[in-house]
Amino acid sequence: MLALTRKIGEKIIINDNISITIVDIKGDNIRLGIEAPRDIKIYRGELYDSIVSENRQSASPVDFAKLDLLKEIKKK
Amino acid sequence: MQIKSARFGTLDIDESQIICFQNGLPGFNGKKTFAFIAYGENSPFAFLQDVEEPNLTFVVAEPFSFFQDYSFKLEDEVVAELGLSDDNPPGIFNIVRIPEKTGEMTANLLAPIVINWQTRNAMQLILEKSPYTVRHQIFPQGISEQKTKGGK
């Protein structure tokens, strides 16, 4: 992993079209300003990880016999 | 086309049932192409079967049958990326997780799947600043009571 030291107001540039500015630092909290094209998806890491984890658990093998219960359920 | 599923055996799938996640699904980045298999006529449930990996099947549910107030904003970028319009409303589904007890199954309302049925492009969104979580009980009163209610 590349580790860079930055001060408030300084930036890093990624791939010519993404810039990340250190906006503020208060104690443990660092506020970042991110400028990127609109089609670049930006998520908080823990939020993204929670979706990865839930998707993986949902894909684990399902005993489809258990789904017979759902047969009679209709759209409302 | 024919695809193989560990759950369903060999399936003959019409092209109109094939959907493509251009950006992949979080946690399954190489997996982009799935067959959408309805569970039955008028069922809110369906399956997403990976066309190349027989062992990869998701259960999904149309949320509004269970969560009448479910809503989120479709951001302009999503509408543009998927090519949605007022004349072409999206299909909305949520991935279902089925634990040991089927009745305790949950839906991931924080990360809905949005499908453009005309182009058959799909995305799994991750909602920001949302009141929803990855686990909402589909049958909070138990699955059998839900059935009885539906039968009346």
Side-chain angles (χ1 to χ4, degrees), chain A residues 1-2 6 8 11-76, chain B residues 6-8 23 25-29 31 39-45 47-48 50 53 55-62 64-66 68 75-77 80-81 95-103 105-108 110-111 124-128 130 133-135 138-139 143-144 146-147 150-151:
Chain A
M1 183 194 276
L2 170 68
R6 304 274 65 200
I8 290 176
K11 293 180 185 184
I12 61 171
I13 308 291
I14 300 171
N15 202 29
D16 295 330
N17 56 1
I18 299 170
S19 96
I20 300 175
T21 309
I22 311 301
V23 175
D24 198 9
I25 303 175
K26 273 189 190 142
D28 287 343
N29 295 310
I30 299 173
R31 199 166 168 76
L32 303 174
I34 303 166
E35 286 177 81
R38 299 199 79 169
D39 61 334
I40 297 285
K41 293 173 182 32
I42 301 164
Y43 305 109
R44 288 170 182 79
E46 67 278 12
L47 177 63
Y48 189 82
D49 289 346
S50 74
I51 304 302
V52 166
S53 164
E54 197 64 14
N55 276 354
R56 289 194 176 142
Q57 289 181 55
S58 302
S60 47
V62 172
D63 175 4
F64 274 45
K66 292 204 296 195
L67 300 184
D68 282 351
L69 282 167
L70 305 180
K71 259 187 191 148
E72 293 164 43
I73 294 167
K74 300 293 179 201
K75 275 187 202 171
K76 281 184 199 154
Chain B
R7 305 296 161 201
F8 308 112
N23 302 318
L25 288 168
F28 295 90
N29 284 334
K31 302 298 181 187
Y39 186 58
E41 214 176 308
N42 226 4
S43 171
F45 293 98
F47 302 97
L48 290 182
D50 186 283
E53 174 50 63
N55 281 308
L56 182 54
T57 314
F58 291 99
V59 178
V60 297
E62 183 275 300
F64 307 108
S65 294
F66 307 104
Q68 277 81 14
E75 301 293 342
D76 293 346
E77 302 91 83
E81 197 171 333
I95 294 181
V96 173
R97 170 186 150 275
I98 302 174
E100 199 59 36
K101 289 182 184 160
T102 312
M105 64 174 63
T106 55
N108 181 351
L110 188 58
Q124 185 176 23
L125 307 186
I126 299 178
L127 304 179
E128 294 275 352
S130 159
T133 73
V134 295
R135 290 188 185 172
I138 293 179
F139 303 108
I143 197 164
S144 48
Q146 181 90 12
K147 261 200 301 194

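Lettering of chains follows the sequences in order, A, B, ..., and the numbering in each one begins at 1.
- Within the 4.5 angstrom heavy-atom criterion, no atom of B/F64 approaches chain A.
- Both the backbone and the side chain of B/N42 come within contact range of chain A, each with at least one heavy atom under 4.5 Å from a heavy atom of that chain.
- A pairwise comparison of heavy atoms in B/I95 and A/S58 identifies CG2-CB, 3.4 Å as the closest pair.
- Using a 4.5 Å cut-off between heavy atoms, B/V96 contacts chain A through its backbone alone, with no side-chain atom that close.
- When the shell of 6.0 Å around CD of B/E75 is examined, it contains more than 12 heavy atoms from other residues, nucleotides or ligands.
- To the nearest 0.5 Å, the span separating CD on A/E54 from CZ on B/R97 amounts to 5.5 Å.
- By the side-chain hydrogen bond (donor to acceptor under 3.5 Å, both in side chains) test, B/N23 is found to be paired with B/E81, residues two or more places apart in sequence or in another chain being considered.
- No more than 12 heavy atoms of other residues, nucleotides or ligands sit less than 6.0 Å from atom NZ of A/K11.
- For the residue pair B/A111 and A/I51, the shortest heavy atom distance occurs at CB-CD1, 3.6 Å.
- Contact detail for A/K75 and B/S43: the closest heavy-atom pair is CE-O, 3.5 Å.
- Considering all non-hydrogen atoms of both residues, A/A59 and B/F28 come closest at CB-CZ, 3.6 Å.
- With a threshold of 4.5 angstrom between heavy atoms, B/L48 does not approach chain A through any atom at all.
- Only the side chain of B/L56 has a heavy atom closer than 4.5 Å to any heavy atom of chain A.
- For A/R31, the CZ atom sits in a loose shell: 12 or fewer heavy atoms of surrounding residues, nucleotides or ligands are nearer than 6.0 Å.
- Expressed to the nearest 0.5 Å, how far OH of B/Y39 lies from CD1 of A/I73 amounts to 9.0 Å.
- Neither the backbone nor the side chain of B/T133 comes within less than 4.5 Å of any heavy atom of chain A.
- Taking each heavy atom of B/F58 and A/N55 in turn, the nearest pair found is CE2-O, 3.4 Å.
- More than 12 heavy atoms of other residues, nucleotides or ligands shown are found within 6.0 angstrom of CD on B/Q68.
- The shortest side-chain heavy-atom distance between B/M105 and A/L70 falls under the 4.5 Å cut-off.
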